Structure formats: structure tokens, C-alpha cells
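No experiment lies behind these values; they were computed from the predicted model shown. In this chain, numbering begins with 1 at the start of the sequence shown.
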Amino acid sequence: MESTEILKEYSNLFEDDAIIQVDEGWDVIVKDMLVTIQLHEKVNLENYGFAPTKFNFIKTTHGWLDIEYTGGDEISHEVINFSRILSFKTCELCGKIGQLYCDAKWMHWSNKKTLCKTHAIKLYYYSLI
């Protein structure tokens with residue numbers, strides 16, 4: 001699912017100028033996170049009176065899912081943190097099991113991505129482990 005479709009489908013969870021910039025391997029992680037938060041807030045928002053979750057951006061940064069948001073409660077925060085943790089072990093490109101790789105042997109100056117072994121080889125990325 002494209003980011004514009006996600007923004008439309010879950011518009012109540014996003015600020016007006018929000019952006020989503022992730023590769024399709026993480027689409028499932030992002031969509032599952034949004035579905036879970038939307039259902040949780042639909043059931044609990046009125047009963048417990050916490051501020052609704054509003055995302056400013058969801059993007060890839062240095063091989064992990066970078067999420068900026070406001071509001072939400074403890075459960076929303078845990079769902080978001082779990083999604084970040086999943087991104088550390090999921091290939092950004094295909095969604096298979098992955099790990100952190102870098103595009104140069106000098107880790108500090110290289111681009112980092114979470115990739116499966118197949119995509120790491122195709123893109124000439126080096127393992128950090």
C-alpha cells in the first residue's frame with residue numbers, strides 16, 4: 001500500500017502535513033501499528049480521556065523506523081515501540097527477516113539499512129555483525 005493511501009485511510013491519526021517515507025518491506029509493520037492504535041483509541045479514548053495519537057512522520061532513518069508523534073497513552077506508546085523493534089529485524093525492501101547492514105566498511109560514514117541477506121548482497125552492503 002502506498003504512503004498516500006495509508007495517509008488517506010488513517011487520516012484521523014495524522015497531522016495535516018504528515019509524511020510517510022518507508023520502503024514496501026515495512027508497509028505491513030506500519031499498517032499493523034496504525035490499525036492497532038486506531039482500534040485501541042476507538043474503544044478506549046472516550047472512557048479514559050487521553051489525547052489521541054497524531055503522527056507527524058513515519059520514515060526510515062539509519063536502518064530503523066523513525067516515528068514522531070504526539071498524544072496517545074501507554075498502550076499506544078508500547079505499540080509504537082514494538083513497531084520500531086520489529087523494524088530492526090525486518091528487511092526494508094521485502095519484509096523478510098533481516099539485520100542491520102552498511103554500504104561501506106567505515107560504519108560512521110556509511111548509509112545503514114536493515115536488509116535480508118539477499119538484498120544486502122544485491123546492494124553490496126556489509127554486515128555490521
Side-chain angles (χ1 to χ4, degrees):
M1 179 177 270
E2 287 190 29
S3 60
T4 54
E5 292 175 22
I6 293 173
L7 287 168
K8 285 180 187 175
E9 188 172 341
Y10 301 98
S11 61
N12 61 313
L13 294 175
F14 289 96
E15 298 290 346
D16 293 334
D17 58 346
I19 58 168
I20 298 177
Q21 293 176 335
V22 296
D23 288 319
E24 56 182 81
W26 286 353
D27 280 351
V28 172
I29 295 173
V30 171
K31 187 163 183 187
D32 287 350
M33 175 185 69
L34 297 173
V35 166
T36 304
I37 290 173
Q38 188 173 50
L39 288 173
H40 166 67
E41 290 187 354
K42 186 176 184 180
V43 172
N44 295 305
L45 194 60
E46 290 180 16
N47 296 336
Y48 297 105
F50 56 88
T53 305
K54 291 287 185 180
F55 292 94
N56 298 320
F57 64 77
I58 301 171
K59 62 183 181 177
T60 304
T61 304
H62 303 297
W64 62 286
L65 198 57
D66 190 7
I67 304 168
E68 183 178 288
Y69 66 98
T70 58
D73 66 344
E74 187 176 322
I75 293 172
S76 301
H77 299 290
E78 289 299 320
V79 169
I80 292 166
N81 287 334
F82 182 70
S83 299
R84 285 181 177 137
I85 291 167
L86 279 177
S87 73
F88 281 111
K89 294 293 181 182
T90 306
C91 179
E92 297 176 29
L93 302 177
C94 67
K96 293 181 181 175
I97 294 174
Q99 69 179 40
L100 195 61
Y101 287 90
C102 61
D103 67 351
K105 290 185 179 183
W106 302 277
M107 187 177 80
H108 297 294
W109 295 300
S110 68
N111 293 319
K112 295 165 194 74
K113 285 187 167 290
T114 302
L115 301 168
C116 64
K117 197 172 214 173
T118 304
H119 282 113
I121 291 168
K122 282 182 184 179
L123 298 172
Y124 302 104
Y125 271 65
Y126 298 91
S127 175
L128 294 176
I129 299 174

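- For the residue pair Gln21/Thr60, the side-chain donor-acceptor check at 3.5 Å is not satisfied.
- A distance-only check finds no donor-acceptor pair linking the side chain of Asp66 to the backbone of Lys59 [under 3.5 Å].
- With values rounded to the nearest 0.5 angstrom, Cys91 atom SG is found 10.0 Å from Glu24 atom CD.
- Applying the 6.0 Å contact sphere to CD of Glu15 captures more than 12 heavy atoms from other residues, nucleotides or ligands.
- Side-chain contact between Val22 and Val30: present, with at least one pair of heavy atoms (C-beta onward) separated by less than 4.5 Å.
- Between Tyr10 and Ile37, every side-chain heavy-atom pair lies at or beyond the 4.5 Å cut-off.
- No more than 12 heavy-atom neighbours from other residues, nucleotides or ligands sit within 6.0 angstrom of NE2 on His62.
- In this structure the side chain of Val79 never reaches within 4.5 angstrom of the side chain of Phe82, judged on heavy atoms.
- In this structure, Ile85 has no side-chain contact (heavy atoms from CB on, under 4.5 Å) partners at least two apart in sequence or on a different chain.
- The backbone N or O of Gly63 sits less than 3.5 Å from a side-chain atom of Thr114, completing a donor-acceptor pair.
- With sequence neighbours excluded, the residues satisfying side-chain hydrogen bond (donor to acceptor under 3.5 Å, both in side chains) with Asn44 are His40.
- When all heavy atoms of Leu13 and Leu34 are compared, the closest pair comes out as CD1-O, 3.6 Å.
- With sequence neighbours excluded, the residues satisfying side-chain contact (heavy atoms from CB on, under 4.5 Å) with Glu68 are Asn56, Phe57.
- Gln38 is linked by a side-chain hydrogen bond (donor to acceptor under 3.5 Å, both in side chains) to Asn12, counting only residues two or more places apart in sequence or in another chain.
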task: Check step by step if side-chain contact (heavy atoms from CB on, under 4.5 Å) holds for His119 and Glu92.
output: CA-CA 9 Å; His119 282 113; Glu92 297 176 29; over 6 Å; no

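- Between Asp103 and Tyr126 there is no side-chain heavy-atom pair separated by less than 4.5 Å.
- Looking at Asp27, Leu7, Ile67 one by one, the single match for side-chain contact (heavy atoms from CB on, under 4.5 Å) with Ile20 turns out to be Leu7.
- Side-chain heavy-atom separations under 4.5 angstrom define the hydrophobic clusters, and the remaining members of the one that includes Tyr48 are Leu45, Phe50.
- In the hydrophobic clustering, Ile97 connects to no other residue, as no ILVMFWY side-chain heavy atoms lie under 4.5 Å from its own.
- Taking the salt bridge (Lys or Arg N to Asp or Glu O under 4.0 Å) definition, one finds that Asp23 meets it with Lys113, sequence neighbours left out.
- With contacts defined as side-chain heavy-atom distances shorter than 4.5 Å, the pair Phe55/Met33 qualifies.
- Remark: Ser76 engages Asp73 in a side-chain hydrogen bond (donor to acceptor under 3.5 Å, both in side chains) (not counting sequence neighbours).
- Residue Lys54 places its NZ atom among more than 12 non-hydrogen atoms of other residues, nucleotides or ligands, all under 6.0 Å distant.
- In this structure, the side chain of Thr90 does not engage the main chain of Ser87 through any donor-acceptor pair within 3.5 Å.
- Applying the 4.5 Å side-chain rule to ILVMFWY residues, one finds Trp64 in the same cluster as Phe88.
- Every residue was checked against the side-chain hydrogen bond (donor to acceptor under 3.5 Å, both in side chains) condition with Thr118, not counting sequence neighbours, and none meets it.
- The hydrophobic cluster containing Leu39 also contains Ile58, counting ILVMFWY residues as joined when their side-chain heavy atoms lie under 4.5 angstrom apart, directly or transitively.
- Considering only residues two or more places apart in sequence or on other chains, Glu41 meets the salt bridge (Lys or Arg N to Asp or Glu O under 4.0 Å) condition with none of them.
- Other cluster members for Leu115: Leu93, Tyr101, Leu123, Tyr125, joined by side-chain heavy-atom distances under 4.5 Å among Ile, Leu, Val, Met, Phe, Trp and Tyr.
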